[in-house]
Amino acid sequence: MKKIITMILAAIMVVACMAFASCTGSSTQEKVLNVYTNAGFAPYEYLDSNGKVVGVDIDVVNYIGEKLGYKVVINDIEFNAILNEVSKDKYAVGAAGMSKKAERDEEALASNVYATSVQYIIAPKGTFEGEKVTLADAVAYVAAANIKSIGVQKGTTGADLVAEGIDGTDAKAIEYSNAIIASNDIGTTVSAVVIDKMPAEAICKNKDTLQCWSLDAEMESYVMYFNKDNAELVAEVNKILDQMIKDGIIDQYTVKHSS
Ligand code: ARG
């Protein structure tokens, strides 16, 4: 009897040690946050002169990763593939100037809003008068031009807006993998490009043949999209995001990446 008890105790100790070892083992293992983004969308995410992905969203996720103890891994992929990646991995997040939208909310969990934007149109200098253009006027211009196409980034809210606007007109939309490539085609393949405000301004700033106008579209709210099974992480991130906004940190990052 005594022998059996001793053996059982020994077995318990072995199991406990193994469990402990594995516990300490996993606690020293780094937690990884897989960030999915799409560079070519300055100031939120773009490539620096070394080809490294940088930008407001990258600074924000790095800040969050540091606060929550995650190693942040940045993955630069096609914009329209981001939510699919997020849906496959509990510790994944889409950080790509993503506008909050009902269809996306079905696929992923939105964080709190950290920025707002509106759609802009990029066209050759002097194409439109004033600072704002209605979507109807923009479409009418393209429908009457020699090149009857508007460039958009595939899978974006800008692509949705243009699709609605051109419906029943002679204008067509051409989908690109990003707005920089699209705007390089202005004058050859497309007459204009529609993309969010700040990325549009960044493109216009770099090309003095182009000009940007605000469209009379609805205001959009940028959120980060998380895996549906990770409401705990979203709650933690929201606290940090709210504090960052309050402290002006996101504004600082925006200024830093817009200059
Ligand atoms: N805000 C727009 C959207 O959510 C465009 C985002 C494009 N982002 C990017 N990183 N390329 O559809």
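As the structure lists them, so they are numbered: ligands from 1, and atoms in each ligand from 1.
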Practice item. Determine whether the side chains of Asn112 and Asp242 contain a donor N or O and an acceptor N or O closer than 3.5 Å. Key: yes
Counting neighbours of [atom1] on [X] that are heavy atoms of other residues, nucleotides or ligands and sit closer than 6.0 Å, is the number greater than 12?
{"X": "Lys31", "atom1": "NZ", "value": "yes"}
{"X": "Glu236", "atom1": "CD", "value": "yes"}
{"X": "Lys90", "atom1": "NZ", "value": "yes"}
{"X": "Glu131", "atom1": "CD", "value": "no"}

**Study point:** Contact check, Arg104 vs ligand 1, heavy-atom distance below 4.0 Å
**Key:** yes
Minimum-distance protein heavy atom relative to [atom]:
{"atom": "atom 11 (N) of ligand 1", "result": "Asn38 OD1, 2.9 Å"}
{"atom": "atom 8 (N) of ligand 1", "result": "Ala96 O, 2.8 Å"}
{"atom": "atom 6 (C) of ligand 1", "result": "Gly97 O, 3.3 Å"}

Review point. Tyr63 versus Asp59: any side-chain heavy-atom pair under 4.5 Å?
Key: no
Review point. Do the side chain of Arg104 and the main chain of Ser99 share a donor and acceptor less than 3.5 angstrom apart?
Key: yes
Numbering as shown, the atoms of ligand 1 that approach [X] to under 4.0 Å (heavy-atom distance):
{"X": "Met98", "answer": "4 (O)"}
{"X": "Tyr222", "answer": "1 (N)"}
{"X": "Phe41", "answer": "5 (C), 6 (C), 7 (C), 8 (N), 9 (C), 10 (N), 11 (N)"}
{"X": "Ser99", "answer": "1 (N), 2 (C), 3 (C), 4 (O)"}
{"X": "Asp196", "answer": "1 (N), 2 (C), 5 (C)"}
{"X": "Glu45", "answer": "9 (C), 10 (N)"}

Check your understanding: Does Tyr44 have its ring centroid less than 6.0 Å away from the ring centroid of His257?
Key -> no
Is it the side chain, the backbone, both or neither of [X] that has a heavy atom closer than 4.0 Å to ligand 1?
{"X": "Lys197", "value": "neither"}
{"X": "Gln153", "value": "side chain"}
{"X": "Tyr44", "value": "neither"}

**Study point:** Rounded distance (nearest 0.5 Å) linking atom OG of Ser191 with atom CD1 of Ile150
**Key:** 8.5 Å
